[in-house]
Each structure stands twice: as C-alpha cells, then as structure tokens.
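Beneath this line is the structure, given in structure tokens, with notes to follow.
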Amino acid sequence: MNFGGYFHPFPVRKNIKVIEQAERTLKRPIDVVMWYQQWEAPFGIKRFHREWIETVGERDVVIKWEPKKRIGRLADPRFALTGSASW
C-alpha cells in the first residue's frame with residue numbers, strides 16, 4: 001500500500017521541503033504526491049513545468065486536471081466526463 005498526500009500549493013509556490021517536512025512529521029515516507037492543474041489558459045498545459053515532476057524524486061505523481069476556465073468559475077463543459085471517453 002502506498003501513502004500519499006496533497007500539498008497545496010506544491011509545486012507552484014512551494015518546493016520539495018514541504019514534502020520532506022511532512023515525512024519527518026508523519027515519521028513515514030510519502031510515496032505519492034498529488035496536485036491540481038487547470039486545462040484552460042492561462043493555467044493550462046503551457047504553464048505546466050516538467051521539472052515539477054522531477055522535483056518529487058522517486059515518488060509517484062498524480063495530477064488531477066481541473067476542468068475549469070478560470071478560478072472560481074463553473075466547470076468547462078468541453079471537459080465534462082461524459083465527453084472524455086471519446087478523446
């Protein structure tokens with residue numbers, strides 16, 4: 001079984017030290033690191049940085065892609081789960 005966590009706002013505004021601190025506090029390794037990434041501009045794939053994945057080292061990464069146009073707005077219907085099966 002793997003143990004993971006969501007460390008907001010890692011990786012954008014925090015570095016690996018926040019995860020290492022959590023490991024020290026919990027007295028166990030973090031196996032999975034998760035964060036949210038919006039699809040739509042200006043926060044979409046163009047603002048995704050590959051080095052964020054490299055920052056977590058040997059830990060697994062789970063990225064939840066947010067179907068939002070902008071922060072605080074309703075989900076963009078183009079990215080609804082009903083349509084994602086046809087991608």
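One is the number of the first residue; the rest follow in order along the sequence. Because the structure is a prediction, the values reported are computed rather than measured.
- Between Phe3 and Leu26 there is a side-chain heavy-atom pair separated by less than 4.5 Å.
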### Task
Take Asn2 and Asp60 through the side chain to side chain contact (heavy atoms under 4.5 Å, CB included) test and state the conclusion after the steps.
CA-CA 9 Å; Asn2 290 331; Asp60 292 328; 4.1 Å; yes
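- Between Ile30 and Gly5, the shortest heavy-atom distance links the atoms CG2-N, 4.3 Å.
- To the nearest 0.5 angstrom, Thr25 atom OG1 is 12.0 Å from Glu20 atom CD.
- Expressed to the nearest 0.5 Å, how far CD1 of Ile16 lies from CZ of Phe7 amounts to 8.5 Å.
- Remark: Glu23 pairs with Arg59 by the salt bridge (charged side-chain N to carboxylate O under 4.0 Å, His left out) rule, at least two apart or across chains.
- With rounding to the nearest 0.5 angstrom, the CD1 atom of Ile19 is 8.5 Å from the OG1 atom of Thr55.
- Side chains of Trp35 and Val61 form a contact here, defined as non-hydrogen atoms less than 4.5 Å apart.
- Here CD1 of Ile63 is found 9.0 Å from CH2 of Trp52. Values are rounded to the nearest 0.5 Å.
- In terms of the salt bridge (charged side-chain N to carboxylate O under 4.0 Å, His left out) criterion, residue partners of Glu54 (sequence neighbours excluded) are, by chain and number, Arg50.
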